[in-house]
Amino acid sequence: MQYVVGNWKMHLTVPEAVALAGRIEDGLAHLAAGGVDLPRVVICPPFTALSAVSDVLDGRTVALGAQTSHWADHGAHTGEISPEQLKGLVEYVIVGHSERRAAGETDEVVARKLAAVVRAGLIPILCVGETEASPDAEKHTLAQLRAGLADVDPSLLESLLVAYEPAEDIGNGRPAETGQVTEMTAALHSELSDLKADAAVLYGGSVDQDNVEDFIKIPKLDGLLVGGASLSDQQFIAIVGEAAGSG
Ligand code: PGA
């Protein structure tokens, strides 16, 4: 697999985040020293910890991402952070996570945010996925993908990650069926190829060290977006190790 992304959500104080990032980097450096060819590993701490975590990373083993950002470059938007402000601090930004969509982020907002991320030269990790199982799930997810890319020319994107994250499989220890992920991975790749977008497809939703082996076997699945299990260095390193072993 090419990517493992950790989403720390609204967890950890600054010292806790720094300590976890250090342990993850040490663990991964150990794997690499043992000859493991690591995938691209990205961690997404809360905004409060980005600067301090960036100081302890060596910039080679682990890349940094933000969990969201605003659509404007700057302005009177109290409490918001723009991709312009994240430049130099992170390389990736998660856009359209289902927890933000549930809090009111529409497809139009997601599209504007994604365009702002691209404008700032950062790499978007666009999250898509149905909110509940239904016969229309695939249609819904592909429509979200198109809507999220509506404000950019997908064929011009230098780098794009799309994470398939069915909302009802997030954070509850019950990941999606591998058959469903296999179908959606293929459908997303085919839609992306229609859009002439060169993108990686990831799966996210209750991935942990015990079930990761089911997902690394999925054809054309390029990576994993890990929430809860990324808060444990031991689990996260184990997941990265499995993803590396899958080629
Ligand atoms: P989870 O979260 O691994 O805790 O299910 C995944 C995500 O929300 O990105």
Side-chain angles (χ1 to χ4, degrees), residues 1-12 16-17 20-21 24 39-47 49-50 53 62-69 90-105 110 113-114 117 123-133 137 140-141 144-145 148 160-178 180-181 184-185 188 199-216 218 221-243:
M1 276 184 161
Q2 294 171 45
Y3 294 95
V4 178
V5 181
N7 174 10
W8 292 359
K9 307 193 180 183
M10 197 177 69
H11 292 289
L12 307 179
E16 286 167 349
L20 177 58
I24 288 174
R40 183 79 168 139
V41 178
V42 183
I43 54 174
C44 304
F47 285 129
L50 281 178
V53 167
V62 180
L64 263 188
Q67 298 174 16
T68 184
S69 58
V90 305
E91 287 173 67
Y92 297 83
V93 182
I94 297 175
V95 185
H97 191 280
S98 61
E99 287 155 11
R100 298 202 58 88
R101 293 180 190 262
E105 222 166 81
V110 171
K113 289 188 167 195
L114 187 136
V117 169
I123 301 171
I125 305 173
L126 172 62
C127 296
V128 296
E130 67 275 15
T131 35
E132 56 190 37
H140 174 87
T141 299
Q144 259 186 359
L145 173 70
L160 169 68
L161 277 60
V162 174
Y164 171 53
E165 295 214 315
E168 62 179 9
D169 301 314
I170 291 178
N172 56 19
R174 293 192 307 276
E177 298 287 333
T178 50
Q180 177 189 338
V181 179
M184 279 309 311
T185 302
L188 285 165
V201 174
L202 282 59
Y203 165 73
S206 300
V207 174
D208 62 24
Q209 64 178 358
D210 298 323
N211 61 36
V212 60
E213 61 183 313
D214 298 336
F215 294 101
I216 58 177
I218 293 180
L221 187 65
D222 304 303
L224 299 165
L225 177 49
V226 184
S230 72
L231 293 166
S232 148
D233 50 306
Q234 177 256 323
Q235 285 242 12
F236 191 62
I237 291 161
I239 290 168
V240 174
E242 291 279 342

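A quick note: this is a predicted structure, and the numbers were derived from the prediction, not measured. No hydrogens, no waters, no symmetry mates; every other heavy atom, side chains included, goes into these values. Just so you know, ligand 1 is whichever comes first in the structure, and atom 1 is the first atom listed for that ligand.
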Any luck finding a side-chain donor-acceptor pair between N7 and S230 under 3.5 Å?
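No, S230 and N7 have no side-chain donor paired with an acceptor closer than 3.5 Å.
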No-hydrogen, no-angle side-chain donor-acceptor test under 3.5 Å, E130 and Q180:
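There is such a pair (donor and acceptor under 3.5 Å, judged by atom type) between the side chains of E130 and Q180.
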Would you find a donor on one side and an acceptor on the other, under 3.5 Å apart, between the side chain of N211 and the backbone of S206?
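Present.
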Closer than 3.5 angstrom, by distance alone: can the side chain of E132 be matched with the main-chain N or O of E168 as a donor-acceptor pair?
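Not at all, since once roles are kept as given, no pair shorter than 3.5 Å links the two residues.
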Per-atom contacts, ligand 1 versus [X] - under 4.0 Å to a heavy atom:
X    : value
N7   : 9 (O)
S206 : 1 (P), 3 (O), 5 (O)
G205 : 5 (O)
L225 : 9 (O)
H97  : 7 (C), 8 (O), 9 (O)

For atom 6 (C) of ligand 1, what's the nearest protein heavy-atom neighbour? Residue, atom name and distance, please.
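Result: G227 N, 3.5 Å.
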What is the nearest protein non-hydrogen atom to atom 4 (O) of ligand 1, stated with its residue, atom name and distance?
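Going atom by atom, the protein heavy atom closest to atom 4 (O) of ligand 1 ends up being G228 N, 2.8 Å.
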Determine the interplanar angle of the Y3 and Y92 rings, folded into 0 to 90°, and report it as parallel if under 30°, tilted if 30 to 60°, perpendicular if over 60°.
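Rings of Y3 and Y92: perpendicular, as their planes differ by over 60°.
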Is there a polar contact between ligand 1 and G171, counting only N or O atoms under 3.5 Å apart?
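Looking only at distances, the answer is yes, because the N/O contact criterion of under 3.5 Å is met.
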Please indicate whether any nitrogen or oxygen in N172 is less than 3.5 Å from any nitrogen or oxygen in ligand 1.
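N/O-N/O distance under 3.5 Å: no.
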Look at atom 7 (C) of ligand 1 and find which of E165, R174, E99, Q67 reaches it with the closest heavy atom.
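The option holding the nearest heavy atom is E165.
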Option passing side-chain contact (heavy atoms from CB on, under 4.5 Å) with L202 (candidates L188, L161, T185)
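Among the candidates, only L161 passes.
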Should R101 and E165 count as an ion pair when the cut-off is N to O under 4.0 Å?
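E165 and R101: not salt-bridged.
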